[in-house]
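Reminder, nothing fancy here: chain letters follow the sequence lines and each chain counts from 1. For the numbers below, each heavy atom of this structure counts, side chains included, while hydrogens, waters and symmetry mates do not.
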There are 2 protein chains.
Amino acid sequence: MTELVPRREGRKRNAATTSERIRRTALELFSTQGYEATGIRELADRVGMTTASLYHYVGTKAELLTDIMRDAQARLLAAAQGALAGIDDPAARIVRLVHIHVLAHAIFQLEARTVDTELRVLDPSALQEILDARDEYEQLWREAIVRGCDDGVFTVPDASTARLAIMTMSTGVAHWYKPNRGASPAELAVNFSDLALALLRATDAAGRTVDTAALALGDPAELIPLLGIAPPASTADAAR
Amino acid sequence: MTELVPRREGRKRNAATTSERIRRTALELFSTQGYEATGIRELADRVGMTTASLYHYVGTKAELLTDIMRDAQARLLAAAQGALAGIDDPAARIVRLVHIHVLAHAIFQLEARTVDTELRVLDPSALQEILDARDEYEQLWREAIVRGCDDGVFTVPDASTARLAIMTMSTGVAHWYKPNRGASPAELAVNFSDLALALLRATDAAGRTVDTAALALGDPAELIPLLGIAPPASTADAAR
DNA sequence: CCTACCGATCGGTAGG
DNA sequence: CCTACCGATCGGTAGG
C-alpha cells in the first residue's frame with residue numbers, strides 16, 4: 001500500500017490495474033467453474049466491488065470472455081510464428097511448434113483451458129475471429145507435417161490424424177500439468193517434442209531415428225519471452 | 001405409428017421410451033450447448049412436454065447429467081476389461097486399450113464429450129463415483145505401459161507423460177471425428193494404435209519396430225459389441 | 001465536465 | 001401429461 005514513487009498519471013494507472021484485476025479474476029472463475037456458471041455478482045464480489053462499479057470497467061460478461069479468448073489465441077499464433085523464424089527443417093519446425101505450444105499451455109493454463117472449453121458460448125462473429133486465428137495456427141502445423149512426409153523424414157498412416165493427435169496431446173498439458181511440482185514447462189516441452197518425433201517416426205537423411213537433442217535447437221525456455229509477459233499473480237499490484 | 005404387435009405392457013414400454021427420449025435429447029443439448037446453458041424448458045420443448053411433465057420422468061437436471069456420465073464411464077471400463085481378457089503382451093494390451101477407447105469415443109461421441117467437459121458441475125459424491133471408475137480405467141493403461149517399459153519393449157522419456165499423451169490424443173477423437181465421412185471407427189482405431197506404438201517406440205524381442213498388423217489382433221470392429229447396444233438414433237422408436 | 005464508484009432496482013428467467 | 005405457480009437469482013442499468 002505504501003507509495004514508493006509519486007504518481008503523475010495515477011488515475012490512468014489505477015484504471016488499468018483495476019481492469020486487469022477484473023480480467024484476471026474473471027479468467028480464474030471462468031476456467032474453474034465455467035463461463036455460464038460464473039455470475040457477475042460473484043465476479044464483482046471477488047474483485048471487491050458492486051456489479052454497478054464492475055460495469056464501469058467492463059462492457060458485458062460476454063465481452064470479458066471474448067477478450068480473454070482472443071488475446072490467448074493471438075498470443076499463441078504470434079509466438080508460434082516467432083518460434084519458427086529462420087527454421088526450415090520440418091522436424092525442427094515441429095519441435096519448435098510443440099515447444100511453444102506446450103509452454104503456452106503450461107504457463108497460460110487458465111487461458112488455454114478457457115479457449116478449449118468455452119468456444120460454444122461465443123457469438124458467431126467472435127467465434128469466427130477465434131477460429132480464423134486458430135486455422136492460421138493449425139496451418140503452420142499442417143505444412144510442417146506434410147512437408148516432412150513428402151521429404152520422407154516423417155512416416156505416418158495419415159498426416160491429418162497425426163497432426164490432430166500431436167496437437168491434442170500437447171493441448172492436454174493445460175488440463176493436467178501442475179506447476180511447482182515435477183517437471184518445468186521447458187522440460188515438459190522437450191518430453192513432448194520427443195514423443196511427437198517418435199509418433200511421426202522421424203528419421204534423418206541417413207534413416208537414423210531423430211530426437212529433440214539431435215536437432216540442437218537449444219533450451220525451449222528461451223522461447224518463453226515470445227509469449228509476452230508472464231501471467232500476473234492473482235493479487236500482484238506493485239507500486240509502479 | 002402403426003402397431004404391428006399388440007402391446008400388453010403398453011404403459012411400461014411407453015414410459016421407458018419417453019425416459020430414453022428425454023435422456024437422449026438431454027445428451028444432445030448438454031453436449032452441444034453445455035449443461036449450464038441448457039434450460040429445462042428448452043429440454044421439455046424439444047421432447048414436446050411442459051417442464052412439469054418432464055419432472056414426472058426425471059429427478060433433477062443434475063441427475064440427468066450424472067446418470068449420463070456414470071453410464072458412459074461404466075461402459076468404457078467394462079468394455080476395456082473385456083477387450084483385455086486373455087491378452088498378456090503389453091504391446092497387445094495397449095493396442096486393445098487404444099482400440100476400445102477410440103471406438104467408444106467415435107461411436108459414443110456425445111457421451112464422451114459430456115464426460116470430458118462437464119465434470120466440474122458434478123456434486124462431490126457423483127464426481128467421486130466417476131473419478132473412481134476413471135482411476136480404475138487409467139490403471140489398466142498405467143500397468144500396460146509400465147510393464148512394457150520394464151520389459152524393454154517400450155522406450156519413452158517418462159511413462160506417466162506417455163500414458164497421458166496417448167489417452168489424451170485418443171480422447172480427442174470424440175471432439176473432431178465426423179462419422180459418415182472418411183474413416184470408419186475401426187479404421188481410426190487402427191490408425192491410432194499405430195500412432196501409439198510409434199510414440200512408445202515399441203519393438204519386439206529382436207528389436208524390430210512393431211505395428212498393429214504385426215500383433216495380429218484382428219479387426220477392432222469385433223470389439224464393438226463390448227460397448228453394448230449402439231446409441232439410439234434421435235427419433236428411433238420401432239414397434240417392439 | 002471528469003473519474004470512480006454507490007445503493008437500489010430494472011425486466012426476465014432459472015430450476016423446481 | 002397440464003395449468004399455475006414458488007423463492008431465488010440472472011445479467012445489466014437507473015440516478016446521483
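- The stretch residues 43-52 of chain A comes close to DNA chain D through A/T51, A/A52, each having a heavy atom under 4.0 Å from the strand.
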Pairs under 3.5 Å (Watson-Crick or G-U), crossing ones as [ ], inter-strand ones as |: DNA chain D comes out as ....||.|..|.|.|.
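- Residues A/L140 and A/L77 are in side-chain contact: their nearest non-hydrogen atoms beyond the backbone lie under 4.5 Å apart.
- Between A/L64 and A/L43 the shortest side-chain heavy-atom distance falls below 4.5 Å.
- Distance CG (A/L29) to P (D/dC10): 13 Å, rounded to an integer number of Å.
- The side chain of A/R41 places no N or O atom within less than 4.0 Å of a non-bridging phosphate oxygen (OP1 or OP2) of D/dG11.
- Rounded to whole Å, atom P of D/dG12 lies 17 Å from atom NE2 of A/H56.
- With B/H101 as the fixed residue, the ring-ring contact (aromatic ring centres under 6.0 Å, His included) test singles out one of B/F108, B/W141, B/F192: B/W141.
- Checking the phosphate oxygens (OP1, OP2) of D/dG12, a side-chain nitrogen or oxygen of A/Y55 falls inside 4.0 Å.
- For residues 115-131 of chain B, the salt bridge (charged side-chain N to carboxylate O under 4.0 Å, His left out) pairs, not counting sequence neighbours, are A/E118-B/R120, A/R120-B/E118, B/R70-B/E129.
- Contact of the A/M69 side chain with the A/L119 side chain is registered, since non-hydrogen atoms from C-beta on lie closer than 4.5 Å.
- Rounded to whole Å, atom P of C/dG15 lies 11 Å from atom CG of B/L54.
- Here the nucleotide nearest the side chain of B/K61, chosen from D/dG12, C/dG15, C/dC6, is C/dG15.
- In this structure, CD1 in B/I166 is found 11.0 Å from OG1 in B/T161, a value given to the nearest 0.5 Å.
- The separation of D/dA4 from C/dG16, taken at their P atoms, amounts to 23 Å, rounded to a whole angstrom.
- Listed pair B/Y57 / D/dC1 meets the phosphate criterion, a side-chain N or O lying under 4.0 Å from OP1 or OP2.
- Whole-Å rounding puts the B/E36 CD to D/dG11 C1' distance at 15 Å.
- One can place CD1 of A/I40 at 16 Å from P of C/dT13, the figure rounded to the nearest angstrom.
- Rounded to the nearest 0.5 angstrom, A/W176 CH2 and A/H105 NE2 are separated by 12.5 Å.
- Between atom CD1 of residue B/I40 and atom OG1 of residue B/T50 there is a gap of 9.5 Å, rounded to the nearest 0.5 Å.
- Regarding A/L64, its CG atom lies at a distance of 14 Å from the C1' atom of D/dG12, rounded to whole Å.
- Judged purely by distance below 3.5 Å, without hydrogens or angles, the side chains of A/D132 and A/Q128 pair a donor atom with an acceptor atom.
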